[in-house]
Protein chains: 2
Amino acid sequence: MFSKACEYGIRASIYIALKSLEGTRVSLKEIAEKIDSPVAFTAKVLQQLSKNDIVESIKGSSGGFEISKNNISQIKLSQIVYAIDGNNVYEGCGLGLKRCNAKEPCPVHNRFVQIRAELKNMLESTTLYDMTMGLEQELTYLRR
Amino acid sequence: MFSKACEYGIRASIYIALKSLEGTRVSLKEIAEKIDSPVAFTAKVLQQLSKNDIVESIKGSSGGFEISKNNISQIKLSQIVYAIDGNNVYEGCGLGLKRCNAKEPCPVHNRFVQIRAELKNMLESTTLYDMTMGLEQELTYLRR
DNA sequence: ATAAATTAGGACAATTTTGTCCGATTTAAT
DNA sequence: ATTAAATCGGACAAAATTGTCCTAATTTAT
C-alpha cells in the first residue's frame with residue numbers, strides 16, 4: 001500500500017506527536033528506536049516531513065523533532081502520505097494504464113474507484129491526534 | 001497497489017480470456033502488443049500464471065496461451081493477484097509492523113481492516129469473465 | 001527428417017527503493 | 001572560545017523490482 005519510507009514516516013510522526021503532547025521534544029535516535037526503523041533512513045524521511053511542514057526540526061544541542069499541539073489535531077494521515085508517496089495512492093490505474101478514467105476506463109476502473117474513495121475518505125478523516133490515542137495505554141503499538 | 005508484474009498479469013489474463021471466448025489461442029507477442037507490455041517480462045509473468053493454473057500454455061508451432069471457458073467464469077481476480085503478488089495485499093500491516101492484529105494493533109489497524117475487507121471482497125467477487133465484458137464494444141480498454 | 005513457430009528458463013542489465021556513511025552545520029552548555 | 005549534541009545533505013551501497021537477451025525444448029507443417 002505505502003512505501004517503506006512512508007510507513008516509517010507515519011510511525012515517526014505519530015511518535016513525535018505523542019511525545020509533543022507530553023511536552024517533550026524527541027531526537028532522531030529515540031524515534032528510530034521507538035518505531036524500530038533504520039536510523040539514517042528515518043533521518044531522510046524526517047527531512048522530507050520537515051520540508052512539508054508535517055514535523056518541525058530543531059537543530060543543535062537539545063534539538064530534535066516536535067509537532068505543535070495545534071498541528072497534531074489538524075494534520076491528516078493523507079498529508080503525511082502525500083508528503084512522501086505523492087498521489088500514487090489516489091490516482092493511478094489499478095491495472096497500470098497511463099490514461100484511465102470514467103470516459104476511458106480499464107476493466108476494473110469502476111470497482112477500484114469505490115475502494116479508493118473509501119481509502120481516501122479514511123486517510124483524510126484521520127488526524128495525527130487520532131492515531132496517538134491508545135498508545136499510552138498500550139492499546140496500540142508503533143513497533144512489534 | 002499491485003506490482004507491475006501483477007498489473008501485466010491481470011491485463012494479459014483478461015486479454016487471453018477475451019480471445020479464448022472467441023475460440024482463438026493467442027501468442028505471447030500478440031498479448032504484449034495488445035496490453036502494451038514488455039514482451040520478455042510478460043513471458044515471465046505468464047510462466048508464473050501458467051504454473052498457478054490461471055492460464056494454459058501450449059508450446060510449439062501454433063502454440064500460445066488460452067483459458068478454458070469454464071475457468072474464465074470461475075477464476076477470480078483475487079487468484080491472479082495471489083499468484084503473482086502473494087498475500088501482500090490482504091495481510092501486512094498498513095504501517096509495516098511485522099505483527100499487527102486485533103489483539104496487538106497498530107494505530108490505524110481498525111481503520112485499515114475495513115478498507116482491506118472491501119478490497120478483498122471486490123477481488124474475490126470479480127471473475128475473469130466480468131473483466132472481459134465491455135472490451136469488445138470498447139467500453140473498457142487494456143491499453144491506453 | 002527438416003524447418004519454422006512457439007513457450008521455457010537461465011543469465012544478465014537497468015532502474016528504483018531502501019539503507020549506510022561521513023563531513024558540514026547549527027545550537028546550547030561550559 | 002571550545003566542546004558536545006544534534007540535524008542536514010551529499011555520496012555511496014545493497015537489495016528488490018523491472019526489464020532484456022539468448023539458448024533450449026516442444027510442437028506443427030512440409
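Please read these numbers as outputs of a predicted model, since none were measured by experiment.
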Any Ser57(B) side-chain N or O less than 4.0 Å from OP1/OP2 of dA8(C):
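Answer is yes, contact under 4.0 Å.
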Quick one: is dT18(D) close enough that its OP1 or OP2 comes under 4.0 Å of any side-chain N or O from Tyr8(B)?
no
Report the residue (Ser61(B) or Phe2(A)) whose heavy-atom-nearest nucleotide on DNA chain C is the more 5′ of the two.
Ser61(B)
Output the rounded distance in Å from [atom1] ([X]) to [atom2] ([N]).
X: Leu28(A); N: dT7(D); atom1: CG; atom2: P; answer: 5 Å
X: Ile84(B); N: dA16(D); atom1: CD1; atom2: P; answer: 20 Å
X: Arg25(B); N: dT6(C); atom1: CZ; atom2: C1'; answer: 11 Å
X: Lys59(B); N: dA29(D); atom1: NZ; atom2: P; answer: 18 Å
X: Lys44(A); N: dC21(C); atom1: NZ; atom2: C1'; answer: 9 Å
X: Ile58(A); N: dA29(C); atom1: CD1; atom2: C1'; answer: 18 Å
X: Gln48(B); N: dT7(C); atom1: CD; atom2: P; answer: 17 Å
X: Phe41(B); N: dG10(C); atom1: CZ; atom2: P; answer: 16 Å

Name the closest nucleotide to the [X] side chain, picking from [options].
X: Ala40(B); options: dT7(D), dC21(D), dG19(C); value: dC21(D)
X: Ser3(B); options: dT20(C), dT6(C), dT18(D); value: dT18(D)
X: Lys4(A); options: dG19(C), dG9(D), dT7(C); value: dG19(C)
X: Ser62(A); options: dA28(C), dT20(D), dC8(D); value: dA28(C)

If you draw the axis of the six-membered ring of [Y], does the NZ or CZ of [X] fall within 45° of it and under 6.0 Å from the ring centre?
X: Arg116(B); Y: Phe112(B); value: no
X: Lys34(A); Y: Tyr15(A); value: no
X: Arg11(B); Y: Tyr8(B); value: no

Could you tell me whether Glu124(A) and Lys76(A) have a side-chain N and a carboxylate O separated by less than 4.0 Å?
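No.
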Check the hydrophobic clustering (I, L, V, M, F, W, Y; side-chain heavy atoms under 4.5 Å; chains of links allowed) and say if Met1(B) and Ile35(B) are grouped together.
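Yes: a chain of side-chain contacts under 4.5 Å links Met1(B) to Ile35(B).
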With nearest nucleotide decided by heavy atoms, which residue, Gln47(A) or Gly60(A), maps closer to the 5′ end of DNA chain D?
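Comparing both residues, the 5'-ward one is Gly60(A).
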